[in-house]
There are 2 protein chains.
Amino acid sequence: MATIKDVAKRAGVGLGTASRVIAGNGSVSEDAIRRVRKAIEELKFRPSHAARVLQKGQSQTIGVFVPLVHGSFYTPILHAIYTTLRASGRHMVVDFGQSLESERQDALEGAEFLTDRGCDGLIVMATALTSADIERIAERQPRFVLLNRSSARFQDRCFNPDHRAAGAAAARALCEAGHRRLAVIEGPKTSRDNTLRMRGFEEALGAYGIDAARLARARGDFSPESGRAGTRELLERDGSFTALFCANDEMAMGALSYLGQAGVAVPGRLSVMGYDGIDLSELTVPPLTTVLIPWREIATNALNHLLNLCYGSALPVERDIPAQVLWRESVARIG
Amino acid sequence: MATIKDVAKRAGVGLGTASRVIAGNGSVSEDAIRRVRKAIEELKFRPSHAARVLQKGQSQTIGVFVPLVHGSFYTPILHAIYTTLRASGRHMVVDFGQSLESERQDALEGAEFLTDRGCDGLIVMATALTSADIERIAERQPRFVLLNRSSARFQDRCFNPDHRAAGAAAARALCEAGHRRLAVIEGPKTSRDNTLRMRGFEEALGAYGIDAARLARARGDFSPESGRAGTRELLERDGSFTALFCANDEMAMGALSYLGQAGVAVPGRLSVMGYDGIDLSELTVPPLTTVLIPWREIATNALNHLLNLCYGSALPVERDIPAQVLWRESVARIG
DNA sequence: GCGGAAAGTGGAAACGTTTCCACGTGACCT
DNA sequence: AGGTCACGTGGAAACGTTTCCACTTTCCGC
């Protein structure tokens, strides 16, 4: 591989001049520019990224950690970040966790990995992080933002939907549609956002005279499979509820799948409601009524904030983008 | 950030000794090891990845390009690669394309980007690449493998399912189930693998006395939305076919969704068959009958081959893992 | 014609590693 | 006692950039 030295030699200029042409800053004569460009072409020169990072201490790269590669939830968020980032001329390196159970550890390692790789800033999406974990990340890489995890100490770097309000909205939607006997499939215990939305859900019930303690509950792990299992369990325990709220759309899809096979009409006999508003939720039969969380927008704003932090940009950052119930056909209005 | 020099100074040893302790090779006294370890701890030293890459010319990192971030198809493949890679102690950097239309250009740029980043090898998944494109990639980074794109010149580095055989299997399955009037929704023109599976599909029809020219055809772009649109178009044109083959599962899911809303019973009035065997295909209502392509296995084998290429490992590499029809409930046996 | 600013230039130094070479020390053999 | 060997060690050189400083030339205004 040709180096900048070779380029300089071939173009008959000094090292500095060659570098300036490549970087496009400093003043260089038209003639020198032409010669250097030609040499680059001829030698197929490509600057060494490693050498550059070593020298400049900057990589024009943002690191992103998400807990899972597969599944339908995280990738649209990555997509949103990626698109915005490319538009600003920077790059993205992603690291993934292995499973939701190991999310905490994975995120910690991921943040280290990405920092080591010379990322100028980090977007970490991991609800399971403890405050100490966050401090630890901050210590090694002060330029970071958190997605879906709030922290009093780093409040301005936290970007999350208002899960509590969104959970409440889900409950209200179901109650307004006339449902009174409700069941829920929660997310895993480690998921702080699940806790929040469930709290919101339960709190909203009071206004309709429903005792939260009488809610039929099952716990899943956000996977479709656990949605199937949870639904079966709930039904076997006591099938008298008329509406089922799932803590995310993938579990709701599992529920729909189970109900379809069990011959339970949706929404005829049982209504199903999801959460998140992933793209696929539109494709189920019947189309899933869900709470649309503006994940893409939230992620984009988090990125903008990070860009401001890292490169002194002045991108607009919006917070508090509201969630809204997306009425489709899996919830019936009764009573 | 502390450097290895600081560590050496603090531990009271020379640069070389410190480096040897960190790398874990060469011979160093117990005492020196202890002192260096202590210094590392105290200074919170972390080696600079950039400096290391610059010096060694190796990064223990494999670059992967996939055409799309979002969607359900590519991420399980990434997951499979990632898991295997981590198990071997190396790392992965992923680059994504923006859309299937720009796949070719995206892949070219992605390969350059990943090479520039000092990846020791590349996995490029892009069916739309031309031979010249592949040459160009090879020129800059001779250590690469191709996923889902065959090339005579680099035959041993190509890992793909036998789309033609798989397409034929789909046709046979439908015909054996008694279907004679068939419709298909193809993938985009740029997709060589779509072409192949369609050819296989058509070729197999002859044995059942079906004229391939009489096939009802629509073209999609592999997205669920295009599956919806294609189904509607087909139905409006001439709804006399009894089975619909979609070139991938996502379009099949779109089809199912459309049919559900249009009140067309599946498989009662119309059978639907998918292709790929993505995880979600199990969750549709009714569960989707599809051709299971062993993508994860293919990807893992491609990776193993690449690892052999890059690091002289001797991992086993299997080729020709057969696809198989996954019978579920969206195809009826008739006649 | 002269002073001084501006434009253009070359090359040394620095970024943080690893590798290689040279050297000292003690153990072991003969 | 002398020779060889292995082990442990320190530090210079190299990897490929960018940045900074010093220098020359050109141009402009007086």
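In what follows, every heavy atom counts, from backbone to side chain, and hydrogens, waters and symmetry copies are set aside. None of the values given here were measured: they were computed from a predicted structure.
Interface remark: the A:Arg46 side chain does not form any donor-acceptor pair with the D:dG16 base, using a distance-only criterion of under 3.5 Å.
Within 4.0 Å of B:Ala32, counting heavy atoms only, lie sugar-phosphate atoms of the nucleic acid but no base atom. The residue A:Ser29 sits close only to the backbone: its heavy atoms come under 4.0 Å of sugar-phosphate atoms, none of a base. Residue A:Val53 is out of contact with every strand shown, counting any heavy-atom pair closer than 4.0 Å. As judged by a 4.0 angstrom heavy-atom cut-off over every strand, B:Ser48 is placed among residues touching the sugar-phosphate backbone only.
Relative orientation of the B:Phe159 and B:His305 rings is tilted, given thresholds of 30° and 60° on the angle between their planes. Between A:His70 and B:His79, the two ring planes are parallel [angle under 30°; tilted spans 30° to 60°]. A perpendicular orientation is assigned to the rings of B:Phe144 and B:Phe154, their planes being inclined by more than 60° (bins at 30° and 60°). Between B:Phe73 and B:Trp295, the ring-plane angle classifies as perpendicular under the 30° and 60° cut-offs.
Closest to the side chain of B:Val28, from the set D:dG16, D:dG10, D:dT9, is D:dT9. For A:Thr17, counting side-chain heavy atoms from C-beta on, the closest listed nucleotide (D:dT19, C:dG16, C:dT9) is C:dT9. Considering only side-chain atoms of B:Leu15, the nucleotide from D:dT19, D:dT17, D:dA12 that sits closest is D:dA12. In the set C:dT19, D:dT9, C:dG11, the nucleotide with an atom closest to the side chain of B:Arg20 is D:dT9. For B:Gln55, whose side chain is taken as the heavy atoms from C-beta onward, the closest listed nucleotide among C:dC15, C:dG16, D:dG11 is C:dG16. With C:dT18, C:dG8, C:dA12 as the candidates, the nucleotide lying closest to the side chain of A:Ser27 is C:dG8.
Rounding to the nearest 0.5 Å places CG of B:Leu309 at 11.5 Å from CG of B:Leu303. Summarising the geometry, atom CZ belonging to A:Arg319 is positioned 6.0 Å from atom CG belonging to A:Asp156; distances are rounded to the nearest 0.5 Å.
In this structure, CD of A:Gln60 is placed 14 Å from C1' of D:dT18, rounded to the nearest angstrom. Atom CG in A:Asn25 sits about 9 Å away from atom P in D:dT18, given to the nearest Å. Rounding to whole angstrom units, CZ of residue B:Arg52 and P of D:dG16 are separated by 18 Å. Distance B:Leu54 CG to D:dA14 C1': 9 Å, rounded to the nearest Å. One atom, CD1 of A:Ile4, and another, C1' of D:dC15, lie 14 Å apart when rounded to the nearest Å. The CG-C1' distance, from B:Leu43 to C:dG16, rounds to 15 Å in whole Å. Nucleotide D:dG10 holds its P atom 14 Å from the NZ atom of B:Lys9, rounded to whole Å. Computed from coordinates, the A:Lys56 NZ to C:dA13 P distance equals 22 Å when rounded to whole Å.
A close approach under 4.0 Å does not occur between any side-chain nitrogen or oxygen of B:Ser19 and OP1 or OP2 of C:dT17.
Where B:Gly16 and B:Ala51 each meet DNA chain D at their nearest nucleotide, the meeting point lying more 5' is that of B:Gly16.
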